[in-house]
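Working notes for the structure below.
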There are 2 protein chains.
Amino acid sequence: MLERSHLTIIREVDRQGSLTAAAGVLCLTQSALSHTMKKLEQALGTDIWLREGRSLRLTQAGQYLLDVANRLLPQLDRAEERLSQYAQGQRGTLRIGMECHPCYQWLLKIVSPYLAQWSDVDVDVKQKFQFGGIGALFGFEIDLLVTPDPLYKPGLRFEPVFDYEQVLVVSRHHALAMATHVEPEQLSSEILLTYPVETDRLDIYNQFLQPAGISPKRHKVIETTEIMLQMVASGRGVAALPRWLVERYANEMEVVPVRLGQQGIAKQIFLGAREADANIDYLKAFFELARQQMS
Amino acid sequence: MLERSHLTIIREVDRQGSLTAAAGVLCLTQSALSHTMKKLEQALGTDIWLREGRSLRLTQAGQYLLDVANRLLPQLDRAEERLSQYAQGQRGTLRIGMECHPCYQWLLKIVSPYLAQWSDVDVDVKQKFQFGGIGALFGFEIDLLVTPDPLYKPGLRFEPVFDYEQVLVVSRHHALAMATHVEPEQLSSEILLTYPVETDRLDIYNQFLQPAGISPKRHKVIETTEIMLQMVASGRGVAALPRWLVERYANEMEVVPVRLGQQGIAKQIFLGAREADANIDYLKAFFELARQQMS
DNA sequence: ACAATCAATTAATTTTATTCATAGATACGT
DNA sequence: ACGTATCTATGAATAAAATTAATTGATTGT
């Protein structure tokens with residue numbers, strides 16, 4: 001009754017803006033689409049488009065169908081991809097989702113030995129999710145989630161895979177460069193460089209500045225780690241990054257790490273997956289590799 | 001390529017155990033199914049079943065397809081149901097999921113005025129979820145979740161709708177009936193009656209007994225609230241229930257509430273939904289009604 | 001007012017799905 | 001061990017469905 005082809009047509013008409021254009025993309029005639037959808041409308045008993053002059057506008061039912069199409073078609077595509085991998089004797093594709101910038105840096109270290117070890121598994125990394133990483137796991141958009149926020153719920157399995165300290169990075173010539181640690185107040189006269197995410201998702205805000213009621217002099221947003229460090233090195237501001245990351249760049253750049261507060265800020269990265277996938281060998285292997293890296 | 005019909009056949013063959021039986025259920029001939037699936041196997045390049053004598057056994061690819069079928073077919077069915085509701089001018093079905101027993105009692109109070117107010121909306125209540133309530137929300141199995149554990153994640157929206165106190169219920173003739181409150185130690189000689197859920201999901205355990213390292217003399221499991229209260233009334237044990245629930249039965253049954261600890265145990269019930277559904281009027285109305293009930 | 005563009009429609013045609021009839025294989029009962 | 005019942009697979013025939021070609025009517029922009 002409601003077939004994959006119907007969903008495909010709805011989605012393509014929405015993308016292309018007209019039946020004719022969609023027909024071109026789908027390698028069919030405009031007439032074919034018109035017939036197919038008319039039949040569906042009759043079967044459902046409701047119109048999908050309002051015919052306004054020579055253009056189409058989705059009805060409420062049509063809009064709903066479009067949402068369904070956008071949700072289910074990618075899953076069908078994925079299923080086919082997966083099956084073709086079975087056919088070729090390949091293992092599959094490991095779709096990894098990430099929810100934080102340090103996650104990415106950590107991931108880089110793991111993926112490379114993983115690819116070497118599992119030559120018949122492809123790795124695909126995604127960063128944007130309509131409903132967040134958890135939603136992407138539940139929605140079968142990804143198979144593995146790298147995140148600082150684990151979620152112990154039925155159907156999911158999380159495991160800490162990396163501990164690190166979040167530190168302040170300053171130029172070697174900065175006044176704070178020699179300090180054993182820095183207090184929130186000392187940042188009120190600094191320019192803070194961060195990745196472009198909401199401030200309450202930044203550790204330096206929610207675990208350091210906000211509890212003390214302090215704001216930096218200015219807040220600048222930088223996309224990439226390397227540029228951020230170069231800005232810090234040239235004295236344009238300070239940033240908060242994982243200690244291990246700072247240390248790796250310490251040789252080539254004039255930057256030094258400084259502890260945030262007396263205790264420092266301890267962070268963890270978690271790896272999460274669906275319980276249903278618990279016995280996929282190449283997924284288990286990723287967890288295993290992550291555990292090894294930890295020590 | 002991979003069509004709904006293929007998924008339907010895979011699922012039905014799995015349910016019925018044979019092509020022939022599945023063909024009967026699907027109102028087709030055995031030959032039709034055989035042809036259809038053979039074509040799919042050729043297109044995919046991989047077998048779906050191992051032909052063992054006169055019976056079929058799923059290959060790895062087939063098992064995967066079955067999983068896909070069990071995941072996607074219900075969503076397609078749901079979409080059709082929804083569209084037929086659009087066609088009839090009905091609003092739709094509100095699928096509510098529940099994750100705790102007090103939730104059910106609370107829900108009963110809300111659903112009845114809701115049904116009166118929204119005569120063109122059906123309500124369906126589910127209690128079992130393969131991947132928990134959160135998974136059911138993300139997986140479009142339900143539209144609304146009633147739970148004591150909210151989850152503030154992108155894509156979801158939670159809201160507290162009910163505050164109550166969890167109290168101990170004892171018979172009117174029980175030694176504790178007159179006490180202002182009860183300490184954990186006093187339960188070590190009692191028989192505790194609870195709903196059949198894991199103990200660490202029971203508030204009286206994880207918030208009262210376990211912190212004090214106390215166990216009750218015995219622990220009996222009862223399915224329904226009424227029987228539980230009758231058991232309590234007849235002096236067969238004590239139970240932990242919401243205060244308002246106990247008070248509602250206080251007239252007809254010989255039971256009294258007693259505070260758990262000096263502070264009492266404060267509880268909240270939350271209502272959760274997908275953000276994407278935020279502007280469905282009959283869903284908004286449910287939240288609204290819940291808010292009103294609160295005061 | 002005219003050309004261009006788009007969706008709907010009808011009838012013809014092609015493609016696809018389904019059935020019928022039958023063969024081959026295997027389990028089960030006697 | 002033999003026959004029977006019960007599976008699935010297969011080829012040819014048939015029914016059903018999707019698709020096209022050709023055309024119409026409507027609308028937009030120039």
Side-chain angles (χ1 to χ4, degrees), chain A residues 1-63 65-66 69 73 76 80 87, chain B residues 1-63 65-66 69 73 76 80 87:
Chain A
M1 181 133 174
L2 178 60
E3 296 298 331
R4 182 176 186 171
S5 57
H6 298 128
L7 298 179
T8 310
I9 293 172
I10 287 233
R11 182 176 66 175
E12 206 55 46
V13 169
D14 182 66
R15 284 179 178 170
Q16 305 298 327
S18 78
L19 269 191
T20 310
V25 173
L26 298 175
C27 298
L28 288 167
T29 60
Q30 170 268 324
S31 175
L33 303 205
S34 181
H35 280 297
T36 304
M37 297 311 283
K38 168 122 290 184
K39 243 169 281 176
L40 178 65
E41 287 179 327
Q42 280 165 357
L44 294 176
T46 177
D47 281 357
I48 290 167
W49 290 292
L50 293 172
R51 277 70 176 180
E52 297 190 324
R54 65 184 186 187
S55 69
L56 304 176
R57 210 182 61 209
L58 285 169
T59 60
Q60 196 188 8
Q63 181 60 54
L65 258 182
L66 177 60
L73 287 177
L76 283 168
E80 279 178 354
Chain B
M1 180 128 175
L2 178 60
E3 297 298 330
R4 182 177 186 170
S5 57
H6 298 127
L7 298 179
T8 310
I9 293 172
I10 287 233
R11 183 177 66 174
E12 205 56 47
V13 169
D14 182 66
R15 286 180 178 169
Q16 304 299 327
S18 79
L19 268 191
T20 309
V25 174
L26 298 175
C27 297
L28 287 167
T29 60
Q30 170 269 325
S31 174
L33 303 204
S34 181
H35 280 299
T36 302
M37 296 311 283
K38 168 121 288 185
K39 242 169 281 174
L40 178 64
E41 286 179 326
Q42 281 165 357
L44 293 175
T46 177
D47 281 357
I48 291 167
W49 290 292
L50 292 171
R51 276 72 175 176
E52 298 189 322
R54 65 183 187 185
S55 68
L56 304 175
R57 210 182 61 209
L58 286 169
T59 61
Q60 195 188 10
Q63 181 61 51
L65 258 183
L66 177 60
L73 288 177
L76 284 168
E80 280 178 354

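The analysis underlying the following values was restricted to heavy atoms, covering all of them including side chains, and did not include hydrogens, waters or symmetry mates. Sequence lines set the chain letters: A, B, ... in the order given, protein chains first and strands last, and positions in each chain run from 1.
At the heavy-atom level, B:T20 lies under 4.0 Å from base atoms of the strands shown. Using a 4.0 Å heavy-atom criterion, one finds that B:T36 contacts the sugar-phosphate atoms exclusively.
Rounded to an integer number of Å, the gap from A:K39 NZ to C:dT9 C1' is 13 Å. Across the protein-nucleic acid pair, A:D47 atom CG and C:dA7 atom P stand 15 Å apart, rounded to whole Å. A straight line from CG of A:L56 to C1' of C:dA8 spans 11 Å, rounded to a whole angstrom. One interatomic measurement links the two molecules: CD of B:Q42 to C1' of D:dT10, which rounds to 12 Å at whole-angstrom precision. Protein atom CD of B:E3 is 12 Å distant from nucleotide atom P of C:dT16, rounded to whole Å. Straight-line distance from the CD1 atom of B:I48 to the P atom of D:dT8: 14 Å, rounded to whole Å. We find that CD1 of A:I9 is positioned 8 Å from P of D:dT19, with the value rounded to whole Å. For A:R4 and D:dA18, the CZ to P distance is 16 Å, given to the nearest whole Å.
Within the structure, every side-chain polar atom (N or O) of A:K38 is placed at least 4.0 Å from both OP1 and OP2 of C:dA8. Using a 4.0 Å cut-off, no side-chain N or O of B:S55 falls inside it from OP1 or OP2 of D:dC7.
With hydrogens and angles left out, the side chain of A:S31 and the base of C:dA8 share no donor-acceptor pair within 3.5 Å. The base of C:dT9 does not come close enough to the side chain of A:H35 for any donor and acceptor atom to sit less than 3.5 Å apart.
Atom CD of A:Q60 sits in a sparse spot, with 12 or fewer heavy atoms from other residues, nucleotides or ligands closer than 6.0 Å.
B:L56 is listed as a side-chain neighbour of B:R51, based on a closest heavy-atom distance under 4.5 Å. B:T8 places none of its side-chain heavy atoms less than 4.5 Å from the side chain of B:E3. Looking only at side-chain heavy atoms (C-beta outward), A:T59 and A:W49 stay at 4.5 Å or farther from each other. Here the side chains of B:L66 and B:Q63 are in contact, with some heavy-atom distance below 4.5 Å.
Nearest-nucleotide positions on DNA chain C for A:R54 and A:R51 put A:R54 closer to the 5' end. Each of A:L33 and B:S34 was matched to the nucleotide of DNA chain D holding its nearest heavy atom; the match closer to the 5' end belongs to B:S34. The residue among A:A32 and B:S18 whose nearest nucleotide of DNA chain D is located toward the 5' end is B:S18.
Set against D:dT8, C:dT18, C:dA8, the side chain of B:Q30 has D:dT8 as its closest nucleotide.
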